[in-house]
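In this text the structure is predicted, and so the values were computed from the model without any measurement. This chain uses plain numbering: 1 for the first residue, then up along the sequence.
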Amino acid sequence: KPMTKTQDESPLNSTSTSRTLSDPVTLAMLVGVVLIMAISLMNMRNLNRVALALDERVKRLEALLPSEPEGPDPTAVHKIRMDGSPSKGPNNAPVTIAEFSEFECPFCLKADPIVKRIAEVYKDQVRIVWKHYPLSMHRNAMDAALAAEAAGNQNKFWEYHDKLFANQKSLEVQNLQRYAKELGLDMDRFEKDRLNPETRKRVEADVAEAEALRVSATPSFFINGRFLRGAQPFESLAKLIDEELTKRNLPVPPKSSSN
């Protein structure tokens, strides 16, 4: 009997479904749903096109906007703190070159012979000032800066400076101590000064000044306050120096083609 009951209900269900599908109202609703889905799909595609077009316009507008220059303004004259910084050349030289640099940077090493040539060519017309800017990416740069400051307390900054650049890949603390011994420094005083918090404060003051000036790379030069970024060729530094000398009606020395 259960099977007979099921058989009795099947024709009724089929008839009901057929009547439902043939109902005009139901068909109209189904057509409406399909149309709404189609329109929604078209709108989504149109919205995607609009979004892509807007994105492209924004990019074009951004390209037209003047980009902010990287680092200090090269057309401005910046004030650089010189007190207490290692320097060579007369304090009253007409041109002062402040170099933000460090001892582990390969570009600083590349710039070093160029700076030496500047000193040789311009002699007493230039004063060269070292400003510490040990970059965090160089793990030995801060230790090297502290050791150089300690050597400077015994009037051996520039000799120690040359030692560090000559051994740039060996700047671990034990090597920093060895270079101090080779220069005949008082090791007790060297170690005390190297570890003195005041020494670190001096280095960190240079770092803070560099960041305030928006210096972002080493080496960075300020020639009478005029910014020049990177390990520039001799001619680039000489051009600015010559301009500063000419402003002051001072003679510009001839440049040797050597080096």
Specify the closest pair of heavy atoms between [X] and [Y], including all atoms of both residues, with the distance to one decimal.
X	Y	result
Pro90	Arg127	O-CB, 3.4 Å
Leu135	Thr218	CD1-OG1, 3.6 Å
Ala119	Val126	CA-CG2, 4.3 Å
Ala231	Phe107	CB-O, 3.5 Å
Lys116	Asp112	NZ-OD2, 2.6 Å
Pro134	Met142	CB-N, 3.7 Å

Pair Phe221 + Phe227: ring centers closer than 6.0 Å: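 No; Phe227 has its ring centre 6.0 Å or more from that of Phe221.
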
Check: His132 ring centroid to Phe100 ring centroid under 6.0 Å: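 No, the ring centres sit 6.0 Å or more apart.
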
Measuring only between side-chain heavy atoms, which start at C-beta, is [X] closer than 4.5 Å to [Y]?
X	Y	value
Arg117	Val121	yes
Ile114	Gln232	no
Tyr133	Glu211	yes
Glu182	Tyr160	no
Cys105	His138	yes

Rounded distance (nearest 0.5 Å) linking atom CZ of Arg248 with atom CD of Gln125: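 Going from CZ on Arg248 over to CD on Gln125, the span is 11.0 Å.
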
Separation of Asn175 CG from Lys163 NZ (nearest 0.5 Å):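 Interatomic distance, Lys163 NZ to Asn175 CG, rounded to 0.5 Å: 11.0 Å.
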
Taking the basic N atoms (NZ, or NE/NH1/NH2) and the acidic carboxylate oxygens, is any pair closer than 4.0 Å for [X] and [Y]?
X	Y	answer
Asp186	Lys156	no
Arg226	Glu244	yes
Glu191	Arg194	yes
Glu204	Lys201	no
Asp188	Lys192	no
Asp206	Arg202	no
Glu235	Lys239	no

Verdict with supporting geometry, Phe103 and His161, ring pair (Phe, Tyr, Trp, His ring centres under 6.0 Å): CA-CA 8 Å; Phe103 296 107; His161 161 286; 5.8 Å; yes

Grouping I, L, V, M, F, W and Y whenever their side-chain heavy atoms are under 4.5 Å apart, do [X] and [Y] come out in a common cluster?
X	Y	answer
Leu245	Val115	yes
Leu109	Ile118	yes
Leu250	Ile128	yes
Val252	Ile241	yes
Phe157	Leu164	yes

Side chain to side chain contact (heavy atoms under 4.5 Å, CB included) evaluation trace for Val129 with Glu99: CA-CA 6 Å; Val129 180; Glu99 178 187 2; over 6 Å; no

Heavy-atom donor-acceptor pair, Asn224 side chain to Pro94 backbone, under 3.5 Å: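 Between the backbone of Pro94 and the side chain of Asn224 there is a qualifying donor-acceptor contact (under 3.5 Å).
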
CA sep, side-chain torsions, deciding dist, call: Tyr179, Asp162, side chain to side chain donor-acceptor pair (under 3.5 Å): CA-CA 10 Å; Tyr179 306 145; Asp162 292 346; over 6 Å; no

Option from Val215, Thr96, Ile97 for which side chain to side chain contact (heavy atoms under 4.5 Å, CB included) with Phe222 holds: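 Among the candidates, only Val215 passes.
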
